[in-house]
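Have a look at the structure below before the remarks.
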Amino acid sequence: ICLSGCGTPVRGRWRTGLLHLLTRLVHPGGVGAGAGGVSPADEPAAPLELRSSETFKSGVLNLSYAPA
């Protein structure tokens with residue numbers, strides 16, 4: 001499943017175990033206090049384990065997580 005945009009559609013699928021890997025592209029200009037994580041600020045953080053990371057020449061980070 002490939003979802004683009006905020007994390008809202010991902011949250012329910014992650015909680016029910018339908019997703020086994022989460023890959024996020026983090027753009028340098030997009031880092032800050034935005035919404036879109038797997039767990040919103042008013043919920044406990046999702047237990048994630050970083051499996052791999054890669055930095056592209058553009059500065060974009062490619063991060064892959066799996067359930068911890």
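Reckoned from all heavy atoms, side chains included, excluding hydrogens, waters and symmetry mates.
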- Item | Cluster link Leu50 to Val26, ILVMFWY, side chain under 4.5 Å | yes
- Would you mind reporting whether Phe56 and Leu25 have side-chain heavy atoms less than 4.5 Å apart? yes
- Item | Reported OG1-to-CG distance for the pair Thr23 and Asn62, which is rounded to 0.5 angstrom | 6.0 Å
- Nearest 0.5 Å, what's the OG1-CG distance between Thr55 and Leu63? 8.0 Å
- Note on the structure: In short, Gly59 meets Pro28 closest at the heavy-atom pair O-CG, 3.5 Å
- Message: How close do Pro67 and Arg51 get, counting heavy atoms only, and between which atoms?
- Response: O-NH2, 4.4 Å
- Message: I want to check something: taking the side chain as every heavy atom from C-beta on, are Leu22 and Ser64 in contact at a cut-off of under 4.5 Å?
- Response: no
- Task: Any chance you could measure Tyr65, atom OH, to Glu49, atom CD, to the nearest 0.5 Å?
- Result: 11.5 Å
- Task: State, with a plain yes or no, whether a side-chain heavy atom of Leu61 is found less than 4.5 Å away from one of Ser53.
- Result: no
